[in-house]
Amino acid sequence: MVNATKGVFISCDIPMAQYIINMNASMPACDKFIIHILDSTHMFVQPHVELMIRSQISKFREDNTYVKPS
């Protein structure tokens, strides 16, 4: 018997994948969203968290971007 799960495929670099895995680990068990980690740069997540992941990554990038003082 085949089990199918709807999800979103994420492809990213290793540091961003670790950031997403850490986000998942910091959530309660009932809210964990990673379905399967395929390798160090690819994962399969639940579709309802796509926007949350995108917004958290945007915030992370903004917080860690160097702005040259004027």
Side-chain angles (χ1 to χ4, degrees):
M1 179 182 250
V2 176
N3 256 349
T5 303
K6 187 174 183 178
V8 176
F9 176 75
I10 295 178
S11 178
C12 56
D13 59 357
I14 293 172
M16 197 54 63
Q18 289 301 314
Y19 179 73
I20 295 170
I21 291 168
N22 188 32
M23 282 175 28
N24 185 64
S26 69
M27 297 198 155
C30 62
D31 292 336
K32 295 198 185 278
F33 55 83
I34 294 179
I35 297 170
H36 190 70
I37 298 172
L38 303 170
D39 61 22
S40 61
T41 60
H42 302 94
M43 63 186 72
F44 197 56
V45 300
Q46 295 178 2
H48 68 277
V49 296
E50 180 182 5
L51 292 176
M52 185 268 299
I53 292 172
R54 287 182 188 269
S55 67
Q56 289 292 326
I57 288 173
S58 292
K59 183 180 178 305
F60 177 75
R61 285 185 175 161
E62 287 175 15
D63 293 344
N64 293 296
T65 300
Y66 175 75
V67 177
K68 185 177 178 180
S70 51

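- Of all non-hydrogen atoms in Ile34 and Ile20, the two that sit nearest each other are CD1-O, 4.3 Å.
- The distance from atom CE of Met52 to atom CD of Gln46, rounded to the nearest 0.5 Å, is 9.5 Å.
- The heavy-atom pair separating Tyr19 from Gln56 by the smallest distance is OH-O, 3.6 Å.
- Here His48 contributes atom NE2 and Asp31 contributes atom CG; the two are 7.5 Å apart, rounded to the nearest 0.5 Å.
- In this structure, CE on Met16 lies 12.0 Å from CD1 on Ile21, to the nearest 0.5 angstrom.
- In this structure, Ile53 is not a member of the same hydrophobic cluster as Leu38, with clusters built from ILVMFWY side-chain heavy atoms closer than 4.5 Å.
- Closest approach of Pro47 and Val8 over heavy atoms only: CA-CG2, 3.6 Å.
- For Asp13, there are no salt bridge (Lys or Arg N to Asp or Glu O under 4.0 Å) partners two or more places apart in sequence or in a different chain.
- Between Ile35 and Lys6, the closest heavy-atom pair is CD1-O, 3.9 Å.
- The distance from atom CE of Met23 to atom CE of Met27, rounded to the nearest 0.5 Å, is 6.0 Å.
- Pairing each heavy atom of Ser40 with each of Ala17, the nearest pair is O-CB, 3.4 Å.
- His42 meets the ring pair (Phe, Tyr, Trp, His ring centres under 6.0 Å) test with Phe9; sequence neighbours excluded.
- There is a path of hydrophobic side-chain contacts, each under 4.5 Å, that joins Ile57 to Val45.
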